[in-house]
Amino acid sequence: MKIRNKGFEVLSDGKHNKSVAFTREERELYGLRGLLPYSTVSQDVQVKRIMDGLKRKSTDIERYILLSLLHDRNEKLFYRVVTEYIEEVMPIIYTPTVGQACKEFSNNFKRTRGFYITPEDKGEISKILDNWPEDYVKVIVVTDGERILGLGDLGANGMGIPIGKLELYCACAGIHPHQCLPVMLDVGTNNDELLDDILYLGYPFKRLQGEEYFELVDEFVQAVQEKYPKALIQFEDFLTPNAYTLLNKYKDKVLCFNDDIQGTAAVALSGVYASTRITGIPFKDLKVMFLGAGSAATGIADLMVAAYMKEGLSKEEAHRQLWFVDVNGLVVEGRGDLMEHNLPYAHSHEQLGFEEAINAIQPHILIGATGVGGTFTQTVIEKMTALNDRPVIFALSNPTSKAECTAEQAYEWSDGKAIFASGSPFDMVNYKGQEFKPGQGNNAYVFPGIGLGAIICNAKNIPDELFLVAAKTLSDLVSDEDIDAGALYPKLKEIRNLSLEIAVAVADKAYELGIAKNQKPHNLRKFITDYMFNPEY
Ligand SMILES: O=C([O-])CC(=O)C(=O)O
Ligand SMILES: [Mg+2]
């Protein structure tokens, strides 16, 4: 480690600060004598102090704040804590607590993190990007805050999401923290409560829309191409129509993906693959019903079409296996209120409500991506159980309050038959003396590994094949023991290894497709392992 600063400057530099773990020699060298208490302790002891501190807090938002201050103060210690205690800490720095943190972002604002762009920066984005102190940004997560989780338009308060996603990139896939850039494209908000709030810190106007909006996004994307040509741009929590417009515009030309459309799709497809090991139903025979027709649901369906076609189905046959229900009922041909991305799934059928549609279509799998809590009612789960020995239920909306049903409800209402996964974490459920382990079908299982794979090989872009291979790799890593327990995903504590394996598979595929710009290393797995950030001092 090279530190040029001296004294308090060293202690307030989160990238290098080790605080009471600085050794006697380091204290001498960096002018720290007298500035720290006597004891020099190991990082392990520092980790213990943080974990004890977390336990003493009475709410998760206080824990979030404690960890975010730690992140500012001592980056390595923060990542040691997150990496080592991922199961305890992920629900705090990520869903569900990050949802509340976003709602309270302006209220709790302390030290700034990330980069903010507003309409006032038009024409100057490239220039202000030079204010960012890092030269080698590799991963950017950008949002405009208009659809934060299932919580709607949170304006600039949505900055909590890019920050949280990038923390997972570093903790789960070993991306180096200084190579990460959280970006808030703060184009205003249509949330009147925020506009009326004196503490709100965002651009205090209605949202920029239409051409001007897309011009600003384009200026940002172009500025990134100039300053950080190797950086991956992850679009996150945009409103569905904008999410699709931006993805279609950039996906072939720029190294980017939309996490809600494509990341969620890969993780859901992985869970669907794994479910066949429990139900015994061949993948290509699966009939799936989606509740909600937004970006997550259609993203999953589109990737499933690609997966079915790999199994020999025609595109039309693949579409026919996938059915959508939205607020207006079954999505069928001739409905005048559909968006373009819904049209391939609007089949010729009579128009039905959700429950009648389950009876008529008889799906094996139900996937909820509505952003509305409680929409999988007891009747819905009972109908799925009447139709299937082992109904597969995905309640993907976030945070927990928006889940279509809880894990407990799924097991109870199906009399223990449901195979359940959700976007936000649920604890183990004990039902009639048996332990059930709900899976967390969250894109966090895949985006860090996909991103790592893509930047390692310097991919030109990220075609569907890479998401397919990520889904397959992840599902193959679910152990037989997990499958026997009804879990569709590997244990979260294996996430670093899962991300490594996904990265290897993704980079390998990119080389095979001829879209990797870096030379292929002799030993890809070792090359990636050597790259990965290690938070130990
Ligand atoms: O952030 C998460 O937990 C998953 C996700 O992308 C979303 O719900 O928008
Ligand atoms: Mg998201």
Side-chain angles (χ1 to χ4, degrees), residues 60 64 82 86-87 89-103 105 139-154 157-169 171-172 182-185 233-240 242-244 246-247 256-271 290-292 294-300 303 367-373 375 394-404 421-426 438-451 467 470 489 492 495:
D60 281 340
Y64 178 94
V82 181
I86 187 78
E87 280 163 317
V89 172
M90 195 159 113
I92 297 169
I93 63 169
Y94 193 61
T95 185
T97 311
V98 73
Q100 194 187 348
C102 285
K103 287 200 215 166
F105 184 83
V139 186
I140 294 171
V141 178
V142 58
T143 187
D144 71 358
E146 194 165 11
R147 194 239 70 185
I148 292 299
L149 307 176
L151 301 171
D153 183 353
L154 297 187
N157 284 357
M159 183 55 134
I161 292 295
I163 290 172
K165 293 270 174 187
L166 285 164
E167 287 173 344
L168 294 195
Y169 262 109
C172 303
V183 175
M184 164 51 64
L185 264 176
I233 301 176
Q234 171 166 328
F235 291 99
E236 191 72 48
D237 290 7
F238 284 75
L239 199 67
T240 296
N242 293 342
Y244 271 104
L246 295 172
L247 183 62
C256 72
F257 70 100
N258 180 295
D259 186 39
D260 303 292
I261 298 174
Q262 299 169 293
T264 303
V267 88
L269 175 60
S270 171
F290 296 89
L291 186 65
S295 56
T298 41
I300 300 167
L303 194 64
I367 298 182
T370 55
V372 183
T375 38
F394 288 87
L396 295 183
S397 293
N398 298 312
T400 319
S401 60
K402 305 293 178 188
E404 284 73 13
S422 53
S424 295
F426 280 103
Q440 190 178 356
N442 190 294
N443 46 36
Y445 269 110
V446 295
F447 72 74
I450 292 173
F467 292 96
Y489 296 95
L492 204 51
I495 187 83

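Each ligand, and each atom within it, is numbered from 1 in the order the structure gives. Just so it is clear, the model here is predicted, and its values are computed rather than measured.
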Does the plane of the ring in Tyr489 sit parallel, tilted or perpendicular to the ring in Tyr445? Use 30° and 60° as the thresholds. parallel

Less than 2.8 Å away from the Mg ion (ligand 2), how many protein N/O/S atoms can be counted, ignoring water? 3

Is a side-chain donor or acceptor of Thr240 paired with a backbone partner of Ser295 at a separation under 3.5 angstrom? yes

Polar side-chain atom of Ser397 near backbone of Thr370 as donor-acceptor pair, under 3.5 Å: yes

Main chain of Ser424, side chain of Asn398: is a donor-acceptor contact present, judged purely on distance under 3.5 Å? yes

Euclidean distance, Leu247 CG relative to Gln262 CD, rounded to 0.5 Å: 4.5 Å

Return a table of N or O atom pairs, ligand 1 on one side and protein on the other, at distances under 3.5 Å, rounded to 0.1 Å.
| residue | atom | partner | partner atom | Å |
| --- | --- | --- | --- | --- |
| ligand 1 | 1 (O) | Tyr94 | OH | 3.4 |
| ligand 1 | 1 (O) | Lys165 | NZ | 3.2 |
| ligand 1 | 3 (O) | Tyr94 | OH | 3.4 |
| ligand 1 | 3 (O) | Asn398 | ND2 | 3.3 |
| ligand 1 | 3 (O) | Asn442 | ND2 | 2.8 |
| ligand 1 | 6 (O) | Lys165 | NZ | 3.1 |
| ligand 1 | 6 (O) | Glu236 | OE2 | 3.0 |
| ligand 1 | 6 (O) | Asp260 | OD1 | 3.0 |
| ligand 1 | 6 (O) | Asn443 | ND2 | 2.9 |
| ligand 1 | 8 (O) | Asn398 | ND2 | 2.7 |
| ligand 1 | 9 (O) | Arg147 | NH2 | 2.4 |
| ligand 1 | 9 (O) | Asp237 | OD1 | 2.9 |
| ligand 1 | 9 (O) | Asp260 | OD1 | 2.9 |

To the closest 0.5 Å, what do you measure between CG (Asp260) and CG (Asn443)? 6.5 Å

If I take atom CG from residue Asn258 and atom CG from residue Asp237, how far apart are they, to the nearest 0.5 angstrom? 8.5 Å

In this structure, OG1 of Thr143 is separated from CD1 of Ile163 (nearest 0.5 Å) by 11.5 Å

If you measure only the distance, is there a donor-acceptor pair under 3.5 Å linking the side chains of Tyr64 and Gln100? no

